[in-house]
Amino acid sequence: MAINQLEATLQAVTHTLAKLEKEGCSDEKLLKELREERDKLLHELNLN
């Protein structure tokens, strides 16, 4: 996947995660999956 696409995906996942946490989402499974996806993208971009 191209760097720009990874960055766009990382931005979208981070934004979604922040919005759900701010709204008080109680679906821990969803939040965990989003955090794992964010961590995976950070690792792929060597930002972790």
* side chain to side chain contact (heavy atoms under 4.5 Å, CB included) involving Glu21 - partner list, sequence neighbours excluded -> Leu17, Leu31, Arg35
* Drop me the distance from Leu10's CG to Leu42's CG, to the nearest 0.5 angstrom. => 5.0 Å
* Can you tell me how far CG of Leu45 sits from CG of Leu6, rounded to the nearest 0.5 angstrom? -> 5.0 Å
* Who passes side chain to side chain contact (heavy atoms under 4.5 Å, CB included) against Lys29, sequence neighbours left out? -> Asp27, Glu33
* To do: Can you measure from CG (Leu34) to NZ (Lys19) and round to the nearest 0.5 angstrom?
  => 13.5 Å
* Reported OG1-to-NZ distance for the pair Thr9 and Lys40, which is rounded to 0.5 angstrom -> 10.0 Å
* Take Glu36 and Lys32 through the test salt bridge (Lys or Arg N to Asp or Glu O under 4.0 Å) and record every step on the way to the result. => CA-CA 6 Å; Glu36 289 172 352; Lys32 182 177 186 254; 3.0 Å; yes
* To do: Please identify each residue that fulfils salt bridge (charged side-chain N to carboxylate O under 4.0 Å, His left out) with Lys22, with sequence neighbours left out.
  => none
